[in-house]
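Read through the structure below, which is laid out as C-alpha cells, and then see the notes.
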Amino acid sequence: MDETMKREFFEAYSKVFDEDGIVKPCWTEDAYDLALICEKIDPEHEYWNRITIRSNAVLKLRRNILRKELRQKYDEVFDEDGKIKACGREKCKDLIQVCTMIAPMGIYGDQKTGFLNEEGIKKVKEKYLPKEE
C-alpha cells in the first residue's frame, strides 16, 4: 500500500473513530467514504452494510496496517541486535508516531526531537509484532 492510500485511510478513520476505536458522531458520508477506502485497500472484506460501517472490520484493518508500519519503521531505526542505527531523526520521529498510534498511553520518546525511549518502543514491538523465526 502506498503512502497516499495510508494517509487517506488515517484521515478518513479520524473522522469516524476516536483514539479508542469508538465510533464518533459523524456524517454517514464520512463513514461510507472510510468504508470505500478500506475496500480499495482490502477488497476481500466488506466494510459497509446497507446502513452503517462495519466497525470490527475497519479496526482489524487499521491494526494490520499499523503492525506493518511498526515493522517497517522499527527495522529502519534498529538493527538486528536491537541497537539504534544512524538513521536520522525523521525516521525516529516516524517510529514514535506509529508506536503512539498503536498504544497511545505509552511514552516512546519526544516527537519533536526524535529522541527515543528505547524501552517503551521495544515493549510495543514485543507486544504487537509476532516473534520472528
Side-chain angles (χ1 to χ4, degrees):
M1 169 185 353
D2 67 11
E3 292 300 316
T4 302
M5 185 65 70
K6 275 189 249 183
R7 186 176 55 253
E8 285 178 19
F9 172 80
F10 286 115
E11 286 173 4
Y13 179 89
S14 68
K15 291 179 183 176
V16 179
F17 291 89
D18 67 13
E19 285 183 0
D20 296 321
I22 309 284
V23 177
K24 300 190 287 192
C26 64
W27 296 103
T28 303
E29 294 143 13
D30 290 335
Y32 185 69
D33 290 344
L34 174 59
L36 291 177
I37 292 168
C38 292
E39 288 174 359
K40 284 182 193 174
I41 294 169
D42 179 18
E44 300 293 317
H45 293 90
E46 291 183 21
Y47 295 93
W48 186 262
N49 66 25
R50 295 178 191 178
I51 56 172
T52 190
I53 195 157
R54 294 178 183 265
S55 300
N56 288 342
V58 174
L59 294 172
K60 184 177 178 181
L61 178 61
R62 178 183 183 269
R63 183 182 68 226
N64 291 338
I65 291 169
L66 287 174
R67 282 183 172 168
K68 287 177 186 175
E69 267 307 277
L70 178 60
R71 165 58 55 213
Q72 176 191 348
K73 302 299 182 190
Y74 186 90
D75 289 346
E76 289 175 355
V77 174
F78 291 92
D79 66 17
E80 301 82 29
D81 298 323
K83 306 273 189 233
I84 297 176
K85 298 177 185 178
C87 60
R89 290 289 163 202
E90 290 307 311
K91 291 187 188 283
C92 294
K93 291 176 185 180
D94 291 344
L95 178 58
I96 293 167
Q97 181 180 19
V98 170
C99 289
T100 302
M101 291 173 74
I102 291 172
M105 298 307 289
I107 299 172
Y108 309 108
D110 186 328
Q111 184 66 44
K112 292 179 183 167
T113 65
F115 184 78
L116 299 174
N117 174 0
E118 291 180 55
E119 184 179 325
I121 289 172
K122 289 179 180 179
K123 284 181 183 178
V124 168
K125 178 193 176 262
E126 288 175 22
K127 184 173 182 176
Y128 292 96
L129 292 180
K131 300 282 186 236
E132 297 176 26
E133 298 176 13

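Position 1 is the first residue of the sequence, and the numbers go up from there.
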Check [X] against [Y] and note the closest heavy-atom contact, atom names and distance.
| X | Y | value |
| --- | --- | --- |
| K15 | C26 | O-CB, 3.5 Å |
| E39 | W48 | OE2-N, 4.2 Å |
| A12 | L34 | CB-CD1, 3.8 Å |
| S55 | V23 | OG-CG2, 3.4 Å |
| K6 | Q72 | NZ-OE1, 4.1 Å |
| E8 | I37 | O-CD1, 3.8 Å |

- Item | In one Ile/Leu/Val/Met/Phe/Trp/Tyr side-chain cluster, 4.5 Å: V98, F115 |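 In one cluster: no.
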
- Task: Decide yes or no on salt bridge (Lys or Arg N to Asp or Glu O under 4.0 Å) for K122 and E126, but give the supporting numbers first.
- Result: CA-CA 6 Å; K122 289 179 180 179; E126 288 175 22; over 6 Å; no

- Could you pull out all residues at least two apart from K68 that satisfy side-chain contact (heavy atoms from CB on, under 4.5 Å)?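 By the side-chain contact (heavy atoms from CB on, under 4.5 Å) rule, K68 matches no residue at all.
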
For [X], look at atom [atom1] and say whether over 12 heavy atoms of other residues, nucleotides or ligands are found less than 6.0 Å away.
| X | atom1 | answer |
| --- | --- | --- |
| I107 | CD1 | no |
| K24 | NZ | yes |
| D79 | CG | yes |

- Query: Okay, side chain of D18, backbone of D20: is any donor-acceptor separation there less than 3.5 Å?
  - Reply: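 Side chain of D18 to backbone of D20, a donor-acceptor pair under 3.5 Å: yes, one is there.
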
- Query: Just by modelled atom types, is the G114 backbone N or O under 3.5 Å from a matching donor or acceptor in the K91 side chain?
  - Reply: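 A pair under 3.5 Å: no.
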
- Message: Filter on ring-ring contact (aromatic ring centres under 6.0 Å, His included), then keep only pairs touching residues 53-110, sequence neighbours left out; what's left?
- Response: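 Those involving residues 53-110 are Y74-F78.
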
With a 4.5 Å heavy-atom cut-off, do [X] and [Y] have their side chains touching?
| X | Y | answer |
| --- | --- | --- |
| I96 | D110 | no |
| Q97 | K93 | no |
| L59 | Y13 | yes |

